[in-house]
Every structure is written in structure tokens, then in C-alpha cells.
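These figures come from a predicted structure and were not determined experimentally.
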Amino acid sequence: MSTSTRQNTGSFPRRRLRPDAASRPRTAYAPRRSSRVGLVVLIPAYQPDERLPHLVGDLVRELPGCRVLVVDDGSGPEYAPAFRAASARGADVVGYGRNRGKGAALRTGLAQVAELWPEADVVCADADGQHRPADIAAVARRVHTTGRMTLGVRRLTGPVPARSRIGNTVTALLFRLATGWRLGDTQTGLRGYPAGQTAWLADVPGDRYEWELSALLRAHELGLEVEEVEIATVYEPGNTSTHFRPLQDSARIYAPLLGFVGASLASFGIDWVAVLVLHLLTGSLLASVVGARLLSGTANFFMNRRVFRAAPGTVGRTAVRYVALAVALLAASYVLLRVLTGIGVPLGLAKPLGDGVLYAVSYLAQRRAVFRERR
């Protein structure tokens with residue numbers, strides 16, 4: 001299953017993916033460059049247990065020729081035995097002294113892959129045993145076959161912790177509202193990226209768990225196609241080994257989505273209040289709709305330039321496209337208000353009902369046509 005957007009492989013930036021200075025790898029187990037590596041399994045690890053070396057051994061045995069790159073996310077000296085054991089079983093291990101979060105660890109590992117094994121596909125997996133070698137191999141096969149970003153999707157059936165089930169459901173719903181993409185598992189840590197197509201990940205914001213959701217938002221912004229492969233759902237009783245912090249990390253995860261919907265909601269509020277006030281002052285429905293849309297549209301344009309990361313120097317071009325869309329939506333909004341008020345719906349209710357119908361059309365048009373430059 002894949003989303004219906006077009007991948008444009010020729011448009012990726014060519015600059016090298018680099019970790020931040022504070023997270024540059026400096027662990028003694030230095031990985032070695034090789035030109036014959038077709039697959040790298042990247043595993044960010046924070047305070048791992050014996051499951052990490054077991055996973056490394058299974059991967060080396062079941063995926064001959066792959067390299068396993070483990071990033072020690074500042075676990076501390078007491079966890080050095082786990083990393084030594086992983087290295088002894090065939091992993092390349094890099095790391096840094098201070099814990100910076102899963103996103104920072106993934107950026108560090110992706111930078112190493114881009115430098116040492118640029119011709120290799122990359123599959124990112126978790127260190128806590130949630131991802132079976134067979135599922136990692138399935139994601140790797142799909143990436144290699146399609147040349148597209150691939151997600152290992154859990155169906156979250158069986159004994160799944162309630163907070164995980166609820167969190168995944170809510171995030172998937174918000175993500176769909178924000179982007180139009182219907183993905184089965186937006187929080188999966190099992191993800192594959194085709195060789196030579198990871199440079200865009202350098203621009204993904206966030207250092208912790210929110211990085212993975214931000215990566216999906218950025219993939220949507222770039223118009224990439226995303227494949228999904230169903231995988232087993234594996235949780236230990238109580239999910240005790242997770243380092244996910246429900247309040248802090250949930251806030252980080254939802255922040256990117258709130259940034260996408262917040263601008264639209266703010267503009268909607270401006271528009272709603274303005275149309276009511278102007279109607280009281282003028283008594284003209286047409287003048288009220290036009291005036292309110294001018295106010296809210298101007299605010300929305302500048303907010304969405306930031307939300308959709310419009311390229312610098314494109315204010316004029318994006319403004320022309322935005323105005324064209326606004327005129328079309330204005331006409332549609334006026335027609336809907338006429339219809340709804342004509343059948344007896346109060347104006348205060350007709351306004352949100354009519355604009356709610358137009359919201360999805362407006363959002364998708366802005367993302368795909370207004371603020372995105374053609375390459």
C-alpha cells in the first residue's frame with residue numbers, strides 16, 4: 001500500500017547529511033568504509049539491555065552482507081558492556097557522551113551511512129526487541145524493490161499497552177487531518193530509506209521522538225511516495241523498557257501537527273469573528289464575507305508561508321497563487337452561505353459548516369500547489 005503522491009528523486013539536496021556538533025560520534029568502535037554494502041540497519045540505542053546484542057547477531061546471521069550500525073545515544077559507561085557485546089557480534093558502534101534523544105541519534109547514524117556507505121539502503125529499527133529480524137528484512141526488500149521510503153506498520157492488535165494504542169490512533173487521525181495521508185502507523189520506528197535519498201532528512205527538526213513524525217510531515221511536503229509493510233506487533237508486558245515519556249514526548253510529537261493545523265484554525269477564528277462583526281456594521285452579507293476573507297486571508301498567507309516552509313524570495317509567486325485560490329474559495333464560501341442561510345440555518349452556524357466543507361480542499365491546494373515550487 002502506498003500514498004498517492006509523486007516521488008521526485010532528482011530534486012533532493014546534494015549536501016551531505018551531518019549530525020550537530022554536540023552529537024558527532026566519538027566512540028572507539030569506528031565503522032569501516034566499504035563500497036560493497038547494499039543494506040545498513042541503523043539502530044539508535046539508549047541504555048540497552050541484552051536484547052541489543054541478540055538482535056545484532058540475528059541480523060548478521062539472517063541478512064548476509066548487511067552492516068549493522070548502532071548509535072549509543074549517551075547511555076553512560078555502565079551500559080558499555082551491551083555495546084561491546086553488540087560490536088563483538090558484528091555491529092559498528094558509534095556514539096556520544098550526553099543523551100540527546102532518538103532523533104539526534106538517527107541523524108548521527110544517517111550521517112555516518114551517507115559518508116561511509118552511500119550506495120546502501122538504510123533500515124532504521126529499535127533496540128528493544130519490538131522489531132523482528134524477519135520484519136526488518138521485509139522492509140529492506142520493499143525499499144530495494146520500489147526505491148521508496150517504507151514503513152513497517154503495526155496493526156496494534158492483541159495485548160498492546162493502552163497508551164500506545166490510544167497514542168497511535170490519535171496521532172494517525174491528526175496526521176490524516178493535517179496532510180490527507182492515511183497511514184496505518186505514524187509512530188513506527190521501523191523505517192526504510194532508499195540508497196542516496198536521505199539528504200532531505202537533514203532538514204527534519206527535532207531531537208527526540210517527535211523527529212519521526214516530523215520526518216513523515218517533511219516527506220509529505222516533498223511529495224514522496226511512502227510504502228507500508230505490515231509487521232508483527234511486539235510489546236513486553238507493561239512496556240517497561242521504553243524510554244518514552246508520556247507527557248514531554250507526546251507534547252513534542254504533536255507539536256509539528258499542531259503547527260500545521262494551528263494556522264488554519266487561527267485564520268478560521270479571525271474569519272468567523274470578522275464576518276459577524278462586519279455583518280452587524282454593514283448589514284451586507286457580501287461585504288462581510290469579502291472583508292472577513294481579506295483580513296483572515298492575509299494573516300493566513302504569512303502564517304502558512306512559515307508552516308509550509310515556502311522558499312525564500314517566493315513571496316510574489318506564492319501570493320499570486322494564494323490569491324487565485326482565495327478567490328475561488330471566496331466564491332464557494334459565499335454560495336454555501338447563501339444556500340445554508342436560505343434554508344434557515346443561522347449565520348453563526350452556517351459559517352463554520354460551510355467553511356468546514358472547504359477546509360480540506362484549501363489545505364491540500366496550499367500544500368501541493370500554492371507554497372510548493374515546481375521543480
Side-chain angles (χ1 to χ4, degrees), residues 1-3 36-46 48-71 82-83 85-93 102 105-106 109-110 113 117 119-161 164-165 168 172 183-195 197-198 212 215-216 225-242 244:
M1 176 171 55
S2 63
T3 54
R36 295 188 298 275
V37 175
L39 171 66
V40 176
V41 179
L42 170 58
I43 304 176
Y46 177 60
D49 55 25
E50 71 281 353
R51 286 174 293 184
L52 173 61
H54 286 314
L55 175 60
V56 170
D58 290 341
L59 289 171
V60 171
R61 182 175 59 256
E62 297 188 25
L63 293 172
C66 85
R67 298 294 284 265
V68 180
L69 178 63
V70 175
V71 179
F83 291 105
S87 179
R89 297 199 180 193
D92 295 295
V93 181
K102 187 177 184 181
L106 287 168
L110 288 166
V113 174
W117 309 296
E119 303 304 317
D121 297 329
V122 186
V123 175
C124 303
D126 292 342
D128 58 3
Q130 286 197 37
H131 302 139
R132 304 179 309 169
D135 291 327
I136 294 171
V139 170
R141 284 193 299 271
R142 182 67 66 88
V143 171
H144 186 72
T145 300
T146 66
R148 297 171 184 163
M149 178 180 174
T150 300
L151 306 179
V153 174
R154 304 161 294 178
R155 295 308 176 192
L156 299 180
T157 58
V160 178
S164 296
R165 190 189 303 275
N168 276 272
L183 297 180
D185 187 356
T186 57
Q187 295 187 35
T188 178
L190 181 54
R191 304 180 179 204
Y193 303 97
Q197 297 180 25
T198 59
E212 290 175 315
L216 289 177
E225 290 189 1
V226 176
E227 298 281 330
E228 295 185 286
V229 173
E230 186 169 352
I231 63 173
T233 302
V234 180
Y235 280 99
E236 64 178 332
N239 202 21
T240 56
S241 68
T242 181
F244 185 83

Are D185 and L151 side-chain neighbours, meaning at least one heavy-atom pair lies under 4.5 Å?
no
Among E228, E227, E230, which residue meets the salt bridge (charged side-chain N to carboxylate O under 4.0 Å, His left out) test with R142?
E227
For the student: nearest non-hydrogen atoms of V93 and S87, plus distance
CG2-CB, 4.1 Å
With heavy-atom distances below 4.5 Å as the criterion, would you say the side chains of L42 and Y193 are in contact?
no
Indicate yes or no for a side-chain donor-acceptor contact from R67 to the backbone of V40 under 3.5 Å, with no hydrogens or angles considered.
no
In short, P44 meets L106 closest at the heavy-atom pair CG-CD2, 3.8 Å
Measuring from T188:OG1 to H131:NE2, what's the distance to the nearest 0.5 Å?
4.5 Å
To the nearest 0.5 Å, how far apart are CG in D126 and NZ in K102?
3.5 Å
Set of salt bridge (charged side-chain N to carboxylate O under 4.0 Å, His left out) partners for R141, sequence neighbours left out
none
side-chain contact (heavy atoms from CB on, under 4.5 Å) filter on A140, not counting sequence neighbours, yields L39, V123
Test of understanding: with side-chain contact (heavy atoms from CB on, under 4.5 Å), list the residues that count as partners of R89, not counting sequence neighbours.
P53, H54, V56
Heavy-atom distance under 4.5 Å between the side chains of R191 and L216, does that happen here?
yes
Could you measure the distance from the CZ atom of R132 to the CD1 atom of I231? Nearest 0.5 Å is fine.
8.5 Å
Would you check if the side chain of T150 reaches a backbone N or O of G192 as a donor-acceptor pair within less than 3.5 Å?
no
N/O donor-acceptor pair under 3.5 Å between D135 side chain and A232 backbone
yes
With the side chain counted from C-beta on, respond yes when V70 and L52 share a heavy-atom pair under 4.5 Å apart, and no when they do not.
yes
Between L55 and V41, is there a side-chain heavy-atom distance shorter than 4.5 Å?
no
Please check if the side chain of D121 supplies one atom and the backbone of A195 the other of a donor-acceptor pair under 3.5 Å.
yes
Any idea which heavy atoms bring A125 and I136 closest together, and the distance?
CB-CD1, 3.7 Å
